[in-house]
K.L.:
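This is the structure, below, for whatever I ask next.
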Amino acid sequence: MLDIRLIREHADQVKARLSARGGDSHLQIDSILECDRDRRAAETQLQTLQSERKRMSKEIGARKSKGEDTAAVEAEVRGLGEQITKLNEESAALDERQRELLLHLPNLPHEGCPIGADAAANPEVRVWGERPAFGFSPKSHVELGEALGMFDFERAAKISGSAFVVFTGAGARLERALLNFLLDLHTREHGYTEVSPPVVVRPETLIGTSQLPKFEEQLYRCERDDLYLTPTAEVPVTNLHREEILPLEQLPICYAAYTPCFRREAGSAGLGTRGLIRMHQFDKVELVKITTPEAASAELEILTSHAERVLQILGLHYRTIELCTGDIGFSSTRTYDIEVWAPGQNGYLEVSSCSHFGDFQARRMNLRFKDAEGKNRFCHTLNGSGTALPRLMVALLETYQQADGTVLLPEVLRPYFGSERIQ
RNA sequence: GGUGAGGUGGCUGAGUGGUCGAAAGCAGCGCUUUGCUAAAGCGCCAUACUCCAAAAGGGUAUCGAGGGUUCAAAUCCCUCCCUCACCGCCA
């Protein structure tokens, strides 16, 4: 959520930055300003009347204690009360409307965010390793994995529908090995604190990280209890400190969390494609940071390097791109995507998206810290996948496949998996 | 799921209709005094919104949340959320 004062005082700048996103969100600014003006006018009027009522009520109290008759004044104040009720409704409605408008407005892109219309304009920031060469035609993970008995899409469809998977045998074991490897790496070497949060959350939690109100149709909802399945651990983990004022010396807070993630993928292209690339439920290890505005930009670089490190250790070729203004997500000011090479797809797959949200989420969840001067200020939040599991598995299987259809695992995974080869 | 007890400022904790935004204590900040690693005294010490060009200074709201009663609500009524205890059920 943007600061209404920023919008009020620098409307043109806000509009300009929003238009860099390419949508029509900047067109909302004028109606927000109008609502803000009406709201403040109503509030000022309301407060004047309240002040009057308060004064007169005190007077009634004072006169009653002296035994005087106050019937006439009481009648007068009663009339005031009616006006106050009406104005209060008006003012509350305007307040609610303003909040609604602000909740639907995306974040401003960071000054450093490259300008561009869409994904085609995303600059490549780094490339690591190179595409592996094969003396044969590399197979897709679907072909490899099904032959090795690692997953079963048909039975998953039987029990849950399309775009679900059952990991079986070596597949289930590899999933578990990867999770343990990722959590160990981030907690032991990168200093994150491991958390294991609920994956069913209340609507306010989703408003905090901004999946609601705008992206409701992408979420699974348990209607009876008004709870939602989390689309990413970002949601429960970032909200852990909602409505708190954190001491400066506690920052940055760094959490690593493994959770399953649930996405309806309504209207997604490519949902019909076979394989592990886009599913309704998948596992992910997420990295979350809560920090100060001053430290946040540097933390984004660190966070991204931690996600990249996963691929480096696994020996997987990848590239890092930065999303341009036309491609960054709703709540992000700046985002790096890490794309791993998948030989069987003959293309790159996004396995991590690392974003800096500024105080956009912190405002929504009223997450603050006490600065060196003792002032309460909004935190900055960041997160990145570290990494998504199924796509990492795709890249692993396809990169390390052998001519005989077996998969020779990278060194670091062998103790976790319990052998060096999937066969 | 049932019954009961609760939810007050950074913390502890008073307050059951009227100068209560809220006693007192602790912690914190400032000043003073005395001085062997500290004590005493005094003062300050919530948040949000809003008015004013700004500062200074006002105003309003906030005692878990939302409604209601009343001239007036931390205080009375209703609904919800949460915590604790016991019972029931249960991986």
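In what follows, chains are A, B, ... by sequence order, proteins preceding strands, each numbered from 1.
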K.L.:
Is a donor on one side and an acceptor on the other found under 3.5 Å between the side chain of Asn107(A) and the backbone of Phe357(A)?
P.N.:
yes
K.L.:
Is Lys54(A) touching bases, backbone alone, or none of the nucleic acid, heavy atoms closer than 4.0 Å?
P.N.:
sugar-phosphate
K.L.:
Nearest to the side chain of Ser57(A), heavy atoms from C-beta on, is which of U19(B), U50(B), C71(B)?
P.N.:
C71(B)
K.L.:
Specify the separation, in whole Å, of atom NZ of Lys66(A) and atom P of U19(B).
P.N.:
15 Å
K.L.:
Given U60(B), is OP1 or OP2 found less than 4.0 Å from the side-chain N or O atoms of Ser51(A)?
P.N.:
yes
K.L.:
Would you name the heavy atoms of Leu287(A) and Leu303(A) that are closest together and state the gap between them?
P.N.:
CB-CD1, 3.4 Å
K.L.:
What is the separation between atom CG on Asp3(A) and atom P on A48(B), rounded to the nearest whole Å?
P.N.:
12 Å
K.L.:
Separation of Phe378(A) atom CZ from U47(B) atom P, in whole Å?
P.N.:
13 Å
K.L.:
Taking OP1 and OP2 of A48(B), is either one under 4.0 Å from a side-chain nitrogen or oxygen of Arg368(A)?
P.N.:
yes
K.L.:
At 4.0 Å (heavy atoms only), tell me whether Arg202(A) reaches a base, stays on the sugar-phosphate, or touches nothing.
P.N.:
sugar-phosphate
K.L.:
Answer with base, sugar-phosphate or nothing: what part of the nucleic acid does Arg8(A) contact at a heavy-atom distance below 4.0 Å?
P.N.:
sugar-phosphate
K.L.:
Between Glu52(A) and Arg78(A), who's closer to the 5' end of RNA chain B by nearest nucleotide?
P.N.:
Glu52(A)
K.L.:
State plainly whether the residues Glu34(A) and Arg97(A) are in salt-bridge range, i.e. N to O under 4.0 Å.
P.N.:
no
K.L.:
On RNA chain B, check which nucleotide each of Ala62(A) and Thr48(A) is closest to and give me the residue with the more 5' one.
P.N.:
Ala62(A)
K.L.:
Can you tell me the distance, in whole Å, between the CD atom of Glu43(A) and the C1' atom of A61(B)?
P.N.:
9 Å
K.L.:
Rounded off to whole Å, could you give me the NZ-to-P distance for the Lys370(A) and G9(B) pair?
P.N.:
15 Å
K.L.:
So that I can tick it off, tell me whether Arg55(A) and Glu52(A) are bridged by a salt bridge, with the cut-off set at under 4.0 angstrom between side-chain N and carboxylate O.
P.N.:
yes
K.L.:
Report the nucleotide, chosen from G21(B), G18(B), U50(B), that has the shortest atom-to-atom distance to any side-chain atom of Arg39(A).
P.N.:
U50(B)
K.L.:
If the C1' atom of G58(B) is compared with that of G64(B), how far apart are they to the nearest Å?
P.N.:
30 Å
K.L.:
Strictly below 4.0 Å: does Arg40(A) bring a side-chain N or O up to OP1 or OP2 of C49(B)?
P.N.:
no
K.L.:
Please measure how far the P atom in A85(B) lies from the corresponding atom in C78(B), and state the result in whole Å.
P.N.:
26 Å
K.L.:
Rounded to whole Å, how long is the line connecting atom CD1 of Ile84(A) with atom P of A61(B)?
P.N.:
9 Å
K.L.:
Quick check for you: among C81(B), C51(B), U19(B), whose closest atom lies nearest to any side-chain atom of Lys58(A)?
P.N.:
U19(B)
K.L.:
In this structure, how many angstroms lie between the C1' atom of G68(B) and the CD atom of Glu89(A), rounded?
P.N.:
13 Å
K.L.:
Do the side chains of Glu204(A) and Arg242(A) get close enough for a salt bridge, i.e. N-O under 4.0 angstrom?
P.N.:
no
K.L.:
Does a side-chain N-to-carboxylate-O contact under 4.0 Å join Arg221(A) and Asp226(A)?
P.N.:
yes
K.L.:
Among C49(B), U47(B), A61(B), which nucleotide has an atom closest to any side-chain atom of Asn376(A)?
P.N.:
U47(B)
K.L.:
Need one value for Arg5(A): base, sugar-phosphate or nothing, where a base atom within 4.0 Å counts as base even if backbone is also close, heavy atoms only.
P.N.:
sugar-phosphate
K.L.:
Would you measure the distance from the P atom in U75(B) across to the matching atom in G67(B) and give it in whole Å?
P.N.:
14 Å
K.L.:
Output the single nucleotide from C49(B), A61(B), A72(B) whose closest atom is nearest the side chain of Gln47(A).
P.N.:
C49(B)
K.L.:
Nearest-Å distance, CD1 (Ile7(A)) to C1' (C49(B))?
P.N.:
16 Å
